[in-house]
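A short worksheet on the structure shown next.
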Amino acid sequence: MASSPALVSWLVLVLTLAMAVSTTQVEAARAFFVFGDSLVDNGNNNYLATTARADSPPYGIDTPSRRPTGEALGSEPLLPYLSPALNGDRLLVGANFASAGIGILNDTGIQFINIIRMFRQFEYFQEYQGRLANLIGTTEAQRIVSEALILITVGGNDFVNNYFLVPFSARSRQFSLPDYVRYLISEYRKLLMRLYELGARKVLVTGTGPLGCVPAELAMRSPNGQCAAELQRAAGLFNPQLVQMINGLNSDLGANVFIAANTQQQTNDFISNPGAFGFTTSKIACCGQGPYNGLGLCTIASNLCPNRDLYAFWDPFHPSEKANKIIVNMILRGSTNYMSPMNLSTLLALDTIPRT
């Protein structure tokens, strides 16, 4: 597989989640911090010399400015950490540290060279806390971090752009798929523990979507339009083990610090029955080219659908804005079929999490 557009920035999930969370709060708005990959990078990669970015049209077509700037739709946008505008009182809102192209593993996304890997995102988070402490004092900075909502979305690239990137990839020769999943889960646990050590106490962790059903994989691996079996197997192994790991981690910590979103099941719902959610298709991307609009990057020269709300996928890898809003609503209010051990609204209602 050639260098993949899985890693271009697409930020609607973060923006809609930030807006939804702010409307559920009766007290002062919580700070919001984001870590992860292209699903939640709202502009950090625009400041880097990398191809893993989405700062050109038609990205941003439905934002108020019609420009791919990574702007939020609310009055207090969450800025990328690398933005020069993130200073002063803007630090109180939080920051987005995500970078398109990264994975749980440091060798994921090596083809994109200049991206912010997870260890570096955490270093930036430490740096941010120092800047915040200089602004409002250490005690208040620690309170803001401990009460904040933190979102981490990572893992899909470890399959799409590492294990399955090319036939007989280094990782696929090193690990069988079940062993690779177990390795990823063990490394992900280390990342979550590091977040806890850095003060995180309310963390939303998303799993992978149905990796084999995205338009890019249909175009490259599916002659008949059926989801790619091996990628589906990977997601089917990864997501339940992620939930199990998070439940075990919470048990070890003695508090529900982490909640898991079953994004695979959430997305499967509208992939298997798009009409029930108002979509005309869950196979063809709104923006792209080739079969299912699943090949190459989404650019100004691509096919572009006139009505984004009829498509479950915006580009070859990323859900549309409407699809993301459906996912966010499930994260906020969904049953234990979608959220474990509780949904986000329930987590945010808990104010008794011990601070250590």
Side-chain angles (χ1 to χ4, degrees), residues 9-50 53-55 59-60 63-100 102 114-153 194-204 348 351 355:
S9 340
W10 223 83
L11 56 141
V12 173
L13 176 59
V14 171
L15 301 179
T16 52
L17 179 58
M19 289 191 299
V21 168
S22 67
T23 61
T24 67
Q25 303 304 303
V26 293
E27 70 276 11
R30 299 176 192 271
F32 187 30
F33 302 103
V34 178
F35 301 88
D37 57 24
S38 65
L39 287 169
V40 290
D41 174 5
N42 71 334
N44 281 309
N45 279 22
N46 296 348
Y47 298 96
L48 304 174
T50 179
R53 51 198 286 178
D55 56 345
Y59 288 89
T63 61
S65 69
R66 306 289 183 182
R67 294 184 292 115
T69 58
E71 67 180 303
L73 306 181
S75 60
E76 288 291 340
L78 190 72
L79 292 175
Y81 185 68
L82 297 185
S83 169
L86 184 64
N87 52 56
D89 287 347
R90 297 298 294 274
L91 292 168
L92 301 174
V93 177
N96 185 320
F97 302 92
S99 177
I102 64 94
N114 195 19
I115 51 181
I116 311 169
R117 305 188 187 284
M118 285 305 307
F119 75 90
R120 184 61 173 146
Q121 291 185 31
F122 291 167
E123 288 176 350
Y124 279 146
F125 189 36
Q126 285 183 282
E127 181 180 281
Y128 161 88
Q129 292 189 47
R131 294 171 61 190
L132 186 64
N134 288 336
L135 179 69
I136 60 175
T138 300
T139 300
E140 185 64 9
Q142 290 174 343
R143 183 195 65 78
I144 285 177
V145 170
S146 69
E147 294 180 359
L149 172 64
I150 293 178
L151 168 65
I152 181 167
T153 296
R194 183 59 183 146
L195 267 179
Y196 183 83
E197 291 165 0
L198 291 171
R201 294 297 183 270
K202 288 183 173 66
V203 184
L204 169 62
L348 294 178
D351 292 317
R355 299 169 189 163

Keeping the roles fixed (side chain from [X], backbone from [Y]), state whether a donor-acceptor pair exists under 3.5 Å.
X    : Y    : value
N96  : V40  : yes
R30  : E147 : yes
Q129 : L198 : yes
Y128 : L91  : yes

Non-hydrogen side-chain atoms of [X] and [Y] separated by less than 4.5 Å:
X    : Y    : result
L195 : F35  : yes
I102 : Q121 : yes
D37  : D41  : no

Task: Distance (rounded to the nearest 0.5 Å) between E123 CD and I116 CD1 - done: 11.0 Å

Task: CZ-CZ distance between R194 and F122, expressed to the nearest 0.5 angstrom - done: 8.5 Å

TODO: I would like to know whether R131 and N87 meet side-chain contact (heavy atoms from CB on, under 4.5 Å); could you show each step before the answer?
DONE: CA-CA 9 Å; R131 294 171 61 190; N87 52 56; 4.1 Å; yes

Task: Sub-6.0 Å ring centroid separation between Y124 and F97 - done: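 No, they do not, as the ring centres are separated by 6.0 Å or more.
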
- [ ] Could you please spell out the steps behind the side-chain contact (heavy atoms from CB on, under 4.5 Å) verdict for V203 and Y196?
- [x] CA-CA 9 Å; V203 184; Y196 183 83; over 6 Å; no

Task: Chi angles and distances behind the side-chain contact (heavy atoms from CB on, under 4.5 Å) call for L82, N45 - done: CA-CA 9 Å; L82 297 185; N45 279 22; over 6 Å; no

